[in-house]
Each structure stands twice: as C-alpha cells, then as structure tokens.
J.: 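One structure coming up, written as structure tokens, with questions to follow.
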Amino acid sequence: MFFPWGYVLGGTLRIIIAVGTLMLFLEKTRKNLIRKEFQYQRLTENAVDVIYYYQLLPEEKIEYINPSVLAVTGYSPEDYYADNKLIFTLIHPDDHSLLDDFINNLPHSIEVPLTIRLVNKDKTTLWLEQKCVPIYDEKNRLVALEGIIRDITHRKKLEQMTSLFDRMSMVGSMAATVAHEIRNPMTTVRGYLQFLGNKEKYQTDKEKFELMIAELDRANSIICEYLALSHEKMVNLQKCSLNSIIEALFPLIQADANASQIGASIELSVIPELLLDENEIRQLLLNLVRNGIEAMPAGGNLIIRTALSESKVVLSISDQGSGIPSQVLEHLGTPFFTTKATGTGLGLPICYQIAHRHNASIKIDTSEQGTTFFVYFSQPTP
Ligand code: ADP
Ligand code: MG
C-alpha cells in the first residue's frame, strides 16, 4: 500500500515550524514583559512621591512602599515592613482624628485627597497629601489601597506666608482708623488724670494716678506700633550712614539697657552709605534691641555691630539670652505672636516690614548661649 510519507513529513515540519514560531513569540513576549516590569519598577523606585500598596484584607499591612519614603520621613521601606504601625505613630497628634475619619469612611473618603501632618525622624513637621484608589477582590470586597503621598510642606509654607501678608495688609488698613478713634478720648483722659493727680486733695493717691497714666501711655505705645504696621506707609529713602543712626541712638539704648541692668556696646565697622528711611531704621533697631534686652536676665550684654560681608552691609544685634525655641521660631513675624505676658507681638512683624521696604533680609542665629538678629541690606554698594 502506498503510504503518503511526503505528506506526513510536510505536516510534521509545519507543526515543528508552528511550535517553534510560537515558542519564539512566547519568549519575545516574556522578555517584553520582563523589560516592561523592570521599567515600571524603575519608575516607582525612582519616583519623588511616595508610592504604596496598603493591604487591608486578610490583615492590614504595608505590602509595598517605594524608597523615596526614606527621604520624606527618615524611615526606610524595611522599617515600614518590619513595623505595621510605624506610619500611624508618625502622624501629628492633632491630625489623628483626620486619619480616623479617613479610615472609618472608606471607600468614600478617598474621593478627596487627605492632607495631614506627619512628624519625621528628625522631629520636623511635614505636610503630606495622600491620594489613593481602592482595590477590590472578585467578591467585591475592598482588599487594598494603592496610592501616592506627596510632601507639600513647601506649598503649605507659601500659603501660610500669603495669608500672613493678607492679614498684615488688613491690619494695616484698619490701623489708621482705629488708632484715631482710640487715641483722641485717651488723650483727654490722660490730660484730666494729670490735672487731677497734681491737686492737693489727691496727693495720697498720687501713685495710683501715675499708674493710670503709665497704663495709658502703654496703650498709646501699642497703638503707635500698630500704626507702624500700616500698609500704605511711604518710605522716605535717603542716602545716610547707618553707623551715625546707631551712634545717635546709642545713649537712649544704653539708658534703656542699664535700667534692666544690662550692658550695651557697639562695634561699628567702616561701611558705605545706604539708602535708608532714618525713622524706620531707628524703629527697627529699637525693636530688636528691646527684644534682646527682654531676653536676658540682669548682668547680660547686648552688642550692636555693623560689618561688610560679601559687599553687603550687615547690621547685627546679639544678646546672651537663652535662645529661641523652634516652636517659637516658626511663628516669628506673625502679628500678635508673643511669649511675653505684656508683649504686643508687633515688634518683629514691623521689623520684617521695614526690612522688606529697604530690600533687606533678616536672618536669625540662635542657641542656648544667645540670639543674634542679622539684617542684610542688599543694596548696591558704591
Ligand atoms: P514682643 O516682644 O511684644 O513679644 P516681638 O514681635 O518683638 O513681640 O517678638 C515676638 C516673640 O519673639 C517674643 O515674644 C519672643 O518670644 C521672641 N523673641 C524675639 N526676639 C527674641 C530674642 N532676642 N531672644 C529670645 N526670644 C525672642
Ligand atoms: Mg518685641
């Protein structure tokens, strides 16, 4: 019987070729997949934002978190894998309720990005924004959350600064009106107090009259400072010598310091003339000096210096107080922020405004040995 060998051989060959092609195709696809997986892995591993996969069922744990979490929080992915609760312990105490709300209202809560504060390893408070998508299993149970966390501290700081400036300009526009309304009746009351206090029949109460007048003067000085915050204020910049302003003011500063048993001295360098509003610079100097005096116990020393540093004129006021704690430092310049029982919290905001109008910047160097306020005048020096 004739057997169709040729036919069988042809068929087998075709099958071999087909299988071979299929294997080649599968191999190529496998390589492609590996390459793609590698690309995705690199994308997540190198991302600046934190990318995570948080498993909810059967048990809650961080299944994956990318290495950028180390740069953001100070703890590595391994730290998070080793301790499921670590991320929760880092949440700022005031924001625990926000996180609880988010967790209790899943999955609806994920519709709005969660903005929350976190305290990182070196105890700095960060603002984070978290967005995620829900992962469901085949039984439609929410089993995981996949999302990104972004450090928005810088943006928040800018927002805070903007609202600070908004508040300052509001304070400024209110200042002029309020000040007049309050000052006029006060002047009348002060006048009568002085008049009555000098009368023979009130001599036994003279101290009380003096106290009332002193209190009124204090109220008046607060209003003056408040007025100085006025936004519309025009600066009158004129070429003058910063050293001369300091020298002229020094006897007053010395008297003020001596009354609190503080020593005051000046160390002035040869510096070029600057475009200054003399009154404003006097106020800046007095505010910083006052803070320095108030920061020290009796026996302390205050030094006012001028210097030339990298072609910038630097004015500095150093005290030997106990320094400014970081929680106070971050609020400096906010109107009405004060740690003093009788403080107004207006001294530094005024200094910042004056510096701004003079194209100068204020930097602070503080430690337990004392604080120095530097005012850098970035004016073109001739
Ligand atoms: P006030 O002096 O009325 O409190 P300021 O705006 O001048 O208002 O200062 C705000 C706060 O900044 C002060 O209450 C104080 O806590 C802090 N501060 C300012 N200067 C110094 C300094 N030289 N040393 C320590 N703390 C300071
Ligand atoms: Mg002050």
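Read the numbers this way: they start at 1 and go in the same order the structure lists the ligands and their atoms. Along the sequence shown, the residues carry numbers beginning at 1.
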J.: How about CD on Glu368, more than 12 heavy atoms from neighbouring residues, nucleotides or ligands closer than 6.0 Å, or not?
T.: no

J.: Of the backbone and side-chain N, O or S atoms of Asn287, does one lie nearer to the Mg ion (ligand 2) than 2.8 Å?
T.: no

J.: I need the atoms of ligand 1 closer than 4.0 Å to a non-hydrogen atom of Phe337, numbered in the order shown.
T.: 10 (C)

J.: Taking Glu294's backbone N and O only, do any of them form a donor-acceptor pair with Asp319's side chain (distance below 3.5 Å, no angle check)?
T.: no

J.: Mark up the atoms of ligand 1 that fall under 4.0 Å of a heavy atom belonging to Ala295, in ascending order.
T.: 22 (C), 24 (N), 25 (C)

J.: Below 4.0 Å, non-hydrogen atoms only: which portion of Leu332 touches ligand 1? Side chain, backbone, both or neither.
T.: side chain

J.: Could you go through the side chain to side chain donor-acceptor pair (under 3.5 Å) check for Ser241 and Asn243 one step at a time?
T.: CA-CA 5 Å; Ser241 152; Asn243 286 346; 5.2 Å; no

J.: Please answer whether the main-chain N or O of Glu59 pairs with a side-chain N or O of Gln55 as donor and acceptor at a distance below 3.5 Å.
T.: yes

J.: So, Gln130 and Tyr52: side-chain donor and acceptor under 3.5 Å apart, yes or no?
T.: yes

J.: Taking only heavy atoms of Thr344, which atoms of ligand 1 are found under 4.0 Å from at least one of them?
T.: 3 (O)

J.: Can a donor-acceptor pair be found, under 3.5 Å and without considering hydrogens, that links the side chain of Asn287 to the backbone of Leu348?
T.: no

J.: Among protein heavy atoms, which sits nearest to atom 2 (O) of ligand 1, and what does the distance come to when rounded to 0.1 Å?
T.: Lys340 NZ, 2.7 Å

J.: Below 4.5 Å, heavy atoms only, C-beta onward: do Tyr54 and Cys132 meet side chain to side chain?
T.: no

J.: So which heavy atom in the protein is nearest atom 6 (O) of ligand 1, and how far is it from that ligand atom?
T.: Leu348 N, 2.8 Å

J.: Mind checking whether Val328 has an N or O less than 3.5 Å away from an N or O of ligand 1?
T.: no

J.: Can you list the atoms of ligand 1 that are under 4.0 Å from a heavy atom of Pro349?
T.: 6 (O)

J.: Might you confirm whether atom CZ of Arg282 has over 12 heavy atoms from other residues, nucleotides or ligands at distances under 6.0 Å?
T.: yes

J.: May I ask whether Cys351 has any heavy atom positioned less than 4.0 angstrom from an atom of ligand 1?
T.: no

J.: Among all protein heavy atoms, pick out the one at the shortest distance from atom 7 (O) of ligand 1; state its residue, atom name and that distance to 0.1 Å.
T.: Asn291 ND2, 2.8 Å

J.: With Glu129 as reference, evaluate Arg150, Arg155, Lys156 under the salt bridge (Lys or Arg N to Asp or Glu O under 4.0 Å) test and give the passing residue.
T.: Arg155

J.: Are any side-chain N or O atoms of Thr153 and backbone N or O atoms of Trp127, one a donor and one an acceptor, separated by less than 3.5 Å?
T.: yes

J.: What atoms in ligand 1 come closer than 4.0 Å to a heavy atom of Gly343?
T.: 3 (O)

J.: With heavy-atom distances below 4.0 Å as the criterion, list the atoms of ligand 1 near Gly347.
T.: 5 (P), 6 (O), 7 (O)

J.: So if I count the atoms of ligand 1 from 1 in the order they appear, which ones are less than 4.0 Å from some heavy atom of Ile324?
T.: 21 (C), 24 (N), 25 (C), 26 (N), 27 (C)

J.: Considering only non-hydrogen protein atoms, determine which one is nearest to atom 15 (C) of ligand 1 and report residue, atom name and distance to 0.1 Å.
T.: Thr339 OG1, 3.4 Å

J.: Within a reach of under 6.0 Å around NE2 of His356, are more than 12 heavy atoms found that belong to other residues, nucleotides or ligands?
T.: no

J.: Check if Asn287 has a non-hydrogen atom at a distance under 4.0 Å from any atom of ligand 1.
T.: no

J.: Might you confirm whether atom NZ of Lys206 has over 12 heavy atoms from other residues, nucleotides or ligands at distances under 6.0 Å?
T.: yes

J.: Counting non-hydrogen protein atoms only, what is the nearest one to atom 4 (O) of ligand 1? Give residue, atom name and distance.
T.: Thr338 OG1, 2.5 Å

J.: Heavy atom under 4.0 Å from ligand 1: found in Asp319's side chain, backbone, both, or neither?
T.: side chain

J.: State if Gly345 counts as touching ligand 1 under the rule of any non-hydrogen atom under 4.0 Å.
T.: yes

J.: Which of the numbered atoms in ligand 1 are under 4.0 angstrom from any heavy atom belonging to Phe373?
T.: 20 (N), 23 (N)

